[in-house]
Chemist: 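Sharing a structure below in structure tokens format, with a few things to ask.
Here the structure is a predicted model, which is why all the values come from computation and not from measurement. Just the heavy atoms: all of them, side chains too, but no hydrogens, waters or symmetry mates, feed the values below. Below, read A as the first sequence line, B as the second, and so on, with proteins coming before strands; counting in each chain starts at 1.
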Amino acid sequence: MSELKSTKVNWFFACAVEDVPENGGVCVKHGDDQIALFNFTRRGEWYATQNMCPHRQQMAISRGMIGSVEDEPKVACPFHKKTFSLKDGSCLSGDDYQLKTYPVKVEDGKVYIDVK
Amino acid sequence: MKKIKIVVIGNGMVGYKFCEKLLSKAKADQFELIVFGEEIRPAYDRVHLSAFFDGKTAEDLSMAGVEWYVNNGIKLHLGDPVQQIDRTKKTIHSYRGITESYDYIVLATGSAAFVPSIPGVEKDGVFVYRTIEDLEMIRDYAPKARKGAVIGGGLLGLEAAKAMLDLGITDTHVIEFAPRLMPRQIDEAGSKLLQGKLETLGLTILTNTNTLEIAGDKAITKMKFANDTSIDVDMLVISAGIKPRDEIAKLCGLEVGQRGGIVVNDQMQTTDPFIFAVGECALYKGMIYGLIAPGYEMAEVVAANLTGGKKEFLGFDMSTKLKLIGVDVASFGDPFVPANEARVIVYEDTNKGIYKRVNISKDGKELLGGILIGDAEQYNMLLQTCKNKIVLPANPEDLILGSRGGESEGGAGVTGLPDDAMICSCESVSKGDICSAVVDGAETVDKIKACTKAGTGCGGCMPMVKDLMVHTMKANGKLVRNVVCEHFAYSRQEIYDLTKMGKLQSYDEVLTAHGKGDGCEVCKPVVASILASLWNDMILKKGNDVVQDSNDRFLANIQKGGTYSVVPRVAGGEITPDKLIALGQVAKEFNLYTKITGGQRIDLFGAHVSDLPAIWKLLIDAGFESGHAYGKALRTVKSCVGSTWCRFGLHDSVSFAIEIEERYRGLRAPHKLKSGVSGCIRECAEAQSKDFGIIATEKGWNLYVCGNGGSKPQHAHLIATDIDSATLIKYLDRFLMFYIKTADPLTRTATWLNKMEGGIDYLKNVILNDSLGIAADLEKEMQSLVDAYKCEWKEVVDNPELQKRFNHFVNAPTEKDPTIQFVEMRDQKKVADWK
């Protein structure tokens, strides 16, 4: 715990690994915040971003389809197909939007999100 | 070597273009360039000035920032007009007191708005439409104004009128002195039609109207006209033409025209050989060229001659195409050839607001000019045909009407153009330039734009540039592949075949076997649809659930706010009172907004994702099944009431519609499918606007295919007449399966047919005469899909594992999304508007 505190992280237990569909996403409730969590099985990676799409302020990113462009992992909002990098949250479809991203870790079949 | 010193007076589009062209031709250190501009901004795109009101900023419109001038060693003085030229000492003096010597001067002073001397023009609320500052003042004044007016019904005047509408001044008059709008570009019939179109958009147009006085105390309140009428006005924009800025030329003794303009020769030299004039300030053979393309050409002539080349300005075609308040207007060549000197073909559709005129030489071989209003799609081809004197087809009316019947295209298309045909007249890029750029490796439109500059001006030539690119690549044996996305180097049809041959069952298998990378929102739903079309498995089967488009993933249609709508199947639009009551009860219980759809069904809106399984449990118990409104699948088969009740009905259209709908329900296709069955030729089910439509005849049924409503309505084609029900279903099996196997993603049947080589004759041959020998296979494949049908929602309702996915929060499954908000309207709820 002391090590965690020194790097100022705050791991929040989100759900079990099997709660998140392979190559899909779910929405995690953290207080009043909504976080989109993705299990990118094909790449063996996990990602988390804000759930709200900044384009029309819709709580929808977790229902978006994930994929890649070149090698950049991305998610497409289901409303108007704006795409965002899962790595840094930048908008890949040319608009000036930004998603907040969160670190994710998996331990003993449990998924944690760093909500500092 | 001493540098040659050039002073450019004027920093508008043409002045800028001259600098750019000179730099590209000159050797390093050959020239010293000094630019004086009157405006405070560096040159900007005046052609698209109105975009300022669509949210473009002054920076967006800029041709190049100040750093461009710095980087290219150009000394730029802004807000500092040159006031005097001393031709004997070869020096200039500026407003701010700068004196510079010169070897050459290029006058690019442009023009100013012409303001007629009407009493009262100085009042507040009266503007011109010329610079970004003018537009800023108009924008700032507009909120105070309710009634607007524009003097001038030419190009710029109508642009200004559009700006007024955009600024919320819906009551706007256009006042034109001439008897019609745009008298210089289009003929009387065209003007009349344009006027009609603009009037439907809310403009009031007064022609033959001469303004005598602009009245009001300090600000304008009224305009009085020569015919003793008047209108109340709070704001006026004057756009009655341009006046060349020739003051400085006049002052130093250069020859100017009687009505303005600096006289130039073929090299754009003024009467002083060391001074050139280009753009709207230059008067060439008695004419001011008020368009951008000839201005650029003049800049090119001067730049070429100063760098040792030899080039002459030979006059310029004034053809133009633009969108005025959403209406296409184009004129090319000589639009006004009198009827006794040419054959004139006119096509007019006052209903759709389309007017087209072409003037053809008396021997029928050459296109002399023409006018297009309401639909200018053929402009580029017509312009090239006209400019290059291409021999006309036997039926020249095909040029404006398109080829009707038969399979040949009207005209030879881009391939028929000579290499020197000017494709982009803004940047003077020929067909040859574009084709050689493609041969040299510019194989995308963006690359062509970057290396030839084609399409960087008005952009009107882009469709031709693309056609040329595809054609050149094909001619060089390069495959222009119609691939789905970066993850698959295959077309949809190829992926379909590969998936079928490999018996692949999931998206991941298909991607691993035939694609690369991790997939995306384009290829995932395409493969998902192919898998459904091939095997008709439950689409939410593990692994395939996450590749479904968002609506398919939750078996409902996502709506504003993130709630879903629910549409149970009501086959043929027939519903019992009990089922109607059941729908009402479900809607009440879950507080859903209800609306009758265009497809004779009932849509329930505003369902939380977590309520969907419970809603469907009730619906299925009441005897409903999924309506697939969320899928690229068969939607509805609309029917009229038919012979059971209607005194005109020939057959029982409802029963047949139900039979058809139940046969093809759940059928996944490249796009949605709609159908209709009408009981007689009165066609109450509108079957001829559907992907497949059926109309009863005395002897049987007529079958129509590939119709469409929507944004681009298309009449369906009749492919079989007086056939019995069994034959009709056989043909439909073949038609639908052939469509599913061969269409591109998200292509409706109408578009699929339009792209099909051989068109409807070919399709008819495949379906009716089995010209490909695949009819038996198509029927068999369809039958297996029909046999495999299951209601997706029934499977979810029966399967707790599948239901788990229908929650908003994974870690709080009982909670709904608290951000969803509803407001009330007409006794129902609606979702709060998004920002």
Chemist: At a 4.5 Å cut-off on heavy atoms, which part of B:K560 comes close to chain A: side chain, backbone, both, or neither?
Modeler: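 Contact with chain A: backbone only.
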Chemist: Given a strict heavy-atom distance threshold of 4.5 Å, which part of A:T83 is in contact with chain B: side chain, backbone, both, or neither?
Modeler: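 When you check distances to chain B, only side chain atoms of A:T83 fall under 4.5 Å.
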Chemist: Count the heavy-atom pairs under 4.5 Å between each of B:Q548, B:H487, B:R805 and chain A, then report the option with the highest count.
Modeler: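 Ranked by contacts with chain A, first place is B:R805.
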Chemist: Need one label for B:Q559: side chain, backbone, both or neither, based on atoms under 4.5 Å from any heavy atom in chain A.
Modeler: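 Just its backbone gets close to chain A.
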Chemist: From B:K524 NZ over to A:N23 CG, what is the distance, rounded to the nearest 0.5 angstrom?
Modeler: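 Separation between the atoms: 5.5 Å.
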Chemist: Non-hydrogen atoms of chain A under 4.5 Å away: do they reach the side chain of B:E486, the backbone, both or neither?
Modeler: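 Side chain of B:E486 only, per the 4.5 Å heavy-atom cut-off to chain A.
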Chemist: Output all residues satisfying ring pair (Phe, Tyr, Trp, His ring centres under 6.0 Å) with A:Y112, sequence neighbours left out; order by chain, then residue number.
Modeler: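 Expected list: A:F13.
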Chemist: Treating A:R42 as the side-chain partner and B:G517 as the backbone partner, does any N or O pair qualify as donor plus acceptor under 3.5 Å?
Modeler: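 Such a contact is found between A:R42 side chain and B:G517 backbone.
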Chemist: Looking at A:V28, A:I66, A:V26, which one has more heavy-atom pairs under 4.5 Å with chain B than the rest?
Modeler: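 Max contact count across the listed options: A:V28.
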Chemist: Between A:H30, A:Q34, A:K74, which residue shows the highest count of heavy-atom pairs closer than 4.5 Å to chain B?
Modeler: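 Heavy-atom pair counts peak at A:Q34.
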Chemist: Do you know which two heavy atoms are closest between B:V547 and A:M65, and how far apart they sit?
Modeler: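 For B:V547 and A:M65, the tightest heavy-atom pair comes out as O-SD, 3.9 Å.
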Chemist: For chain B, which candidate among A:E70, A:K29, A:Q58, A:M59 shows the most heavy-atom pairs at distances under 4.5 Å?
Modeler: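 Most pairs with chain B among the choices: A:K29.
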Chemist: Between NE2 of B:H808 and CZ of A:R63, what distance do you get to the nearest 0.5 Å?
Modeler: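 Result: 6.0 Å between the selected atoms.
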Chemist: Testing the basics here: between A:G25 and B:R553, what is the closest heavy-atom pair and its distance to 0.1 Å?
Modeler: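 Residues A:G25 and B:R553, closest heavy atoms: O-NH2, 3.7 Å.
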Chemist: Take atom CD of B:E59 as the centre, draw a 6.0 Å sphere, and report whether it contains more than 12 heavy atoms from other residues, nucleotides or ligands.
Modeler: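 No.
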Chemist: I need the minimum non-hydrogen distance between B:V810 and A:D19, along with the two atoms involved.
Modeler: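 So the two residues come closest at CG2-CB, 3.6 Å.
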Chemist: Any idea which of A:G24, A:S68, A:G67, A:G64 has the most non-hydrogen atom pairs under 4.5 angstrom with chain B?
Modeler: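 Most heavy-atom pairs under 4.5 Å with chain B: A:S68.
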Chemist: Could you list which of residues 504-513 of chain B have a heavy atom closer than 4.5 Å to any heavy atom of chain A, in residue-number order?
Modeler: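 If one takes a 4.5 Å heavy-atom cut-off, the residues of residues 504-513 of chain B near chain A are B:D508, B:L511, B:T512.
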Chemist: Identify the two heavy atoms, one from A:K81 and one from B:D549, that lie closest to each other, and give their separation to 0.1 Å.
Modeler: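 For A:K81 versus B:D549, the nearest heavy atoms are NZ-OD1, 3.2 Å.
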Chemist: In terms of heavy-atom proximity below 4.5 Å to chain B, should A:A60 be classed as side chain, backbone, both, or neither?
Modeler: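 Neither part; nothing is under 4.5 Å.
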Chemist: Roughly how far apart are A:N51 CG and B:F809 CZ, rounded to 0.5 Å?
Modeler: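 Nearest 0.5 Å value for the CG-CZ distance: 8.0 Å.
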Chemist: Select one option (side chain, backbone, both, neither) describing which atoms of A:V75 are under 4.5 Å from chain B's heavy atoms.
Modeler: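 Contact with chain B: none, neither part.
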Chemist: To the nearest 0.5 Å, what is the distance between SG on A:C27 and CG on B:N811?
Modeler: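 Output value for this atom pair is 8.0 Å.
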